[in-house]
Amino acid sequence: MRAAFLRSAGRALRVSASESCSCSSSHFIHRSYSTSGSDPERKVAILGAAGGIGQPLSVLIKLNPLVSSLSLYDIAGTPGVAADVSHINTRAEVAGYAGEEQLGKALEGADVVIIPAGVPRKPGMTRDDLFNINAGIVKSLCTAIAKYCPNALVNMISNPVNSTVPIAAEVFKKAGTYDERKLFGVTTLDVVRAKTFYAGKGKVPVDGFNVPVVGGHAGITILPLFSQATPTADSLSDDDIKALTKRTQEGGTEVVEAKAGKGSATLSMAYAGAVFADACLKGLNGVPDIVECTFVQSNVTELPFFASKVRLGKNGVEEVLGLGPLSDFEKQGLESLIPELKASIEKGVKFAQAN
Ligand SMILES: NC(=O)C1=CN([C@@H]2O[C@H](COP(=O)(O)OP(=O)(O)OC[C@H]3O[C@@H](n4cnc5c(N)ncnc54)[C@H](O)[C@@H]3O)[C@@H](O)[C@H]2O)C=CC1
Ligand SMILES: O=C([O-])CC(=O)C(=O)O
């Protein structure tokens, strides 16, 4: 790996330019099932499993041959979801848990906990408008994770991710269980969108196409690095790249508006969440060179959390990779996103420290 330092807006950024990124290219659903028993036992818990994301995500995780136990938790509705999903003829044993008194059982022994619990946006709202409700939900769920499965990898989907991840980190620090290698903000949907939009516009095959998306998960904090796209679509102009960047940044809003009050992305998010969880499981199982973009504790910029390419391993984050060479447009985007992302991180930390 080549490491260098890039000066951008007066900041030193660590760069790993030659690192290849699988960035959610793992189509585990297309893989034939291994029921030989050679894969280790792995328990995945989904918190918010009866929701718009939770239900399709439960199906996709049930289809993953790396999962031996699937624990579905919500405040209500999980017995029905669990009974339904449990009829799918794959390896994972399914159990449903409802209500706070069953949360401990749902979490005990979990290797990976996925959190899509909380309220989604309606048209006209920002992700930050969800803070007041979702911050408390995330805080209470993370308090239980610290108690019942402190070693689990936590995949945070609940918005605003730019704040809920710092909240989780503070809760774990207070409980004495924080391990920065095990906490992830799920930004895979940004990568999924960037791939789809670029490949469509540039007329390159979407299968096998890669592009990193860095920063955070809200508006301009989402920064696709199309200059690092592979393969490159030569037909795309600078204006096309600007338009694709904006569309990726506003992909969530595009869905919120299309759903017209009935919530935000659920199906594409379930897919993205399943891809990211699969990468975490592969890392835990020792599969080499698993690299995904995700929002983690980071030294890549001056901010304490930042999304970039991350190599996953047996203990979660093995290595946070740098940004690589940026175009002038991307350097500007990076500079612009820092104040907003900083404020969202600080808001999360402040909330967790005060409550
Ligand atoms: N990271 C990302 O890229 C994305 C994040 N999201 C976020 O995911 C979250 C969930 O979205 P949807 O599934 O569409 O919402 P939803 O309202 O359909 O489902 C949320 C579920 O969480 C449950 N819940 C609420 N409080 C809970 C608690 N204390 N414990 C356990 N479960 C609880 C609800 O009962 C409900 O079943 C939202 O915050 C949304 O903004 C959505 C799309 C993409
Ligand atoms: O836009 C939202 O509120 C949900 C979300 O995070 C996304 O779809 O990227």
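Salt-bridge check for Lys282 with Asp278: passed, with a basic side-chain N closer than 4.0 Å to an acidic carboxylate O. Note on Lys342 versus Glu346: salt bridge recorded, some NZ/NE/NH1/NH2 to OD/OE distance being below 4.0 Å. For Lys122 and Asp129, the salt-bridge test fails: no basic side-chain N is under 4.0 Å from an acidic carboxylate O. Between Lys309 and Glu292 there is no salt bridge, since no side-chain N of the basic residue sits under 4.0 Å from a carboxylate O of the acidic one. Checked for salt-bridge contact, Glu170 and Lys350 miss the test: no charged N lies under 4.0 Å from a carboxylate O.
Taking 4.5 Å as the limit, every side-chain heavy atom of Ile75 sits out of range of all side-chain heavy atoms of Glu100. The closest side-chain heavy-atom distance from Leu47 to Val113 is below 4.5 Å. Side-chain contact check for Ile145 versus Ile115: some heavy-atom pair is nearer than 4.5 Å. Counting heavy atoms from C-beta on, the side chains of Arg91 and Val67 never come closer than 4.5 Å. Counting heavy atoms from C-beta outward, Ile46 and Tyr73 have side chains that stay 4.5 Å or more apart. In this structure, the side chains of Val44 and Leu281 come closer than 4.5 Å at one or more pairs of heavy atoms. Within the 4.5 Å cutoff, the side chain of Met125 has heavy atoms near those of the Leu130 side chain. Side-chain contact between Phe329 and Asp238: absent, with no pair of heavy atoms (C-beta onward) separated by less than 4.5 Å.
Leu72 and Tyr148 fall within a single hydrophobic cluster, where Ile, Leu, Val, Met, Phe, Trp and Tyr are joined by side-chain heavy atoms under 4.5 Å apart, directly or via other members. Transitive grouping of hydrophobic side chains (ILVMFWY, heavy atoms separated by less than 4.5 Å) keeps Val255 and Val186 in distinct clusters. Put simply, Val317 and Val287 are part of the same group of oily side chains (I, L, V, M, F, W, Y) that touch within less than 4.5 Å, one to the next. Both Ile133 and Ile167 are assigned to one and the same hydrophobic cluster, defined by single-linkage of ILVMFWY side chains at heavy-atom distances under 4.5 Å. Under the 4.5 Å side-chain heavy-atom criterion for ILVMFWY residues, no single connected hydrophobic cluster contains both Phe131 and Val256.
The minimum heavy-atom distance between Gly216 and Ile222, with the atom names listed, is O-CG1, 3.5 Å. What you find for Val349 and Pro166 is that their closest heavy atoms are CG2-CB, 3.9 Å. Between Asp74 and Ala49 the shortest heavy-atom distance is OD2-N, 3.4 Å. For the pair Ala82 and Val94, the tightest heavy-atom approach, listed with the atom from each and the gap, is O-CG1, 3.7 Å. A pairwise comparison of heavy atoms in Ile137 and Gly118 identifies CD1-CA, 3.8 Å as the closest pair. Contact record, Ile88 with Lys62: O-NZ, 2.8 Å, taken as the closest heavy-atom pair.
No donor-acceptor pair closer than 3.5 Å links the side chain of Lys201 to the backbone N or O of Asp240. The closest donor-acceptor contact from the side chain of Gln249 to the backbone of Pro224 lies at 3.5 Å or more, if one exists at all. The backbone N or O of Cys142 lies less than 3.5 Å from no partner atom in the side chain of Lys147, so there is not a single donor-acceptor pair. Of the possible donor and acceptor atoms, one in the side chain of Gln102 sits under 3.5 Å from a partner among the backbone N and O of Ala98. When atom types are taken as modelled, the side chain of Tyr198 and the backbone of Phe209 share no donor-acceptor pair closer than 3.5 angstrom. A donor-acceptor distance shorter than 3.5 angstrom exists from the side chain of Thr294 to the backbone of Gly185, with no hydrogens or angles considered. Between the side chain of Thr177 and the backbone N or O of Pro150, no donor-acceptor pair lies under 3.5 Å. Between the side chain of Thr188 and the main chain of Phe276, no donor-acceptor pair closer than 3.5 Å is present. Of the possible donor and acceptor atoms, none in the side chain of Thr232 sits under 3.5 Å from a partner among the backbone N and O of Asp234. Looking only at distances, a side-chain donor or acceptor of Asn355 sits under 3.5 Å from a matching main-chain atom of Phe351.
Judged by distance alone, the side chains of Thr221 and Asn162 do bring a donor and an acceptor atom under 3.5 Å apart. Side-chain polar atoms of Glu330 and Ser227 form a donor-acceptor pair below 3.5 angstrom. Between Asn285 and Arg42, the side chains place a donor N or O and an acceptor N or O closer than 3.5 Å (distance only, hydrogens not considered). A donor atom on one side chain and an acceptor atom on the other are found under 3.5 Å apart for Thr266 and Lys259. In the model, Lys347 has no side-chain atom that pairs as donor or acceptor with a side-chain atom of Ser163 under 3.5 Å.
Counting non-hydrogen atoms of other residues, nucleotides and ligands closer than 6.0 Å to CD of Gln353 gives a total above 12.
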Q | ring-ring contact (aromatic ring centres under 6.0 Å, His included) between Phe306 and Phe295, intermediate numbers included | A | CA-CA 5 Å; Phe306 196 80; Phe295 185 67; 7.8 Å; no

**Q.** Pair Thr253-Arg121, side chain to side chain donor-acceptor pair (under 3.5 Å): steps then yes or no
**A.** CA-CA 9 Å; Thr253 305; Arg121 283 200 284 164; 3.1 Å; yes

Q.
Applying salt bridge (charged side-chain N to carboxylate O under 4.0 Å, His left out) to Lys331 and Glu335, what does each step give before you reach the verdict?
A. CA-CA 6 Å; Lys331 282 182 195 160; Glu335 200 172 334; over 6 Å; no

(Q) Using side chain to side chain contact (heavy atoms under 4.5 Å, CB included), reason through Val275 and Val192 one step at a time and then give a plain yes or no. (A) CA-CA 10 Å; Val275 166; Val192 164; 5.8 Å; no

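A distance of 9.0 Å separates CE of Met269 from CG of Asn159, quoted to the nearest 0.5 Å. Taken to the nearest 0.5 Å, the CG atom of Leu223 stands 10.0 Å off from the OG1 atom of Thr248. Rounding to the nearest 0.5 Å places CZ of Phe305 at 12.5 Å from CZ of Phe184. Atom CG of Leu189 is separated from atom CD1 of Ile53 by 8.5 Å, given to the nearest 0.5 angstrom. Once rounded to the nearest 0.5 Å, the distance linking OG of Ser327 with CG of Leu225 reads 8.0 Å. Between the NZ atom of Lys105 and the OH atom of Tyr97 there is a distance of 7.0 Å, given to the nearest 0.5 Å.
Relative to the ring axis of Tyr178, Lys173 places its NZ or CZ within 45° and under 6.0 Å from the centre.
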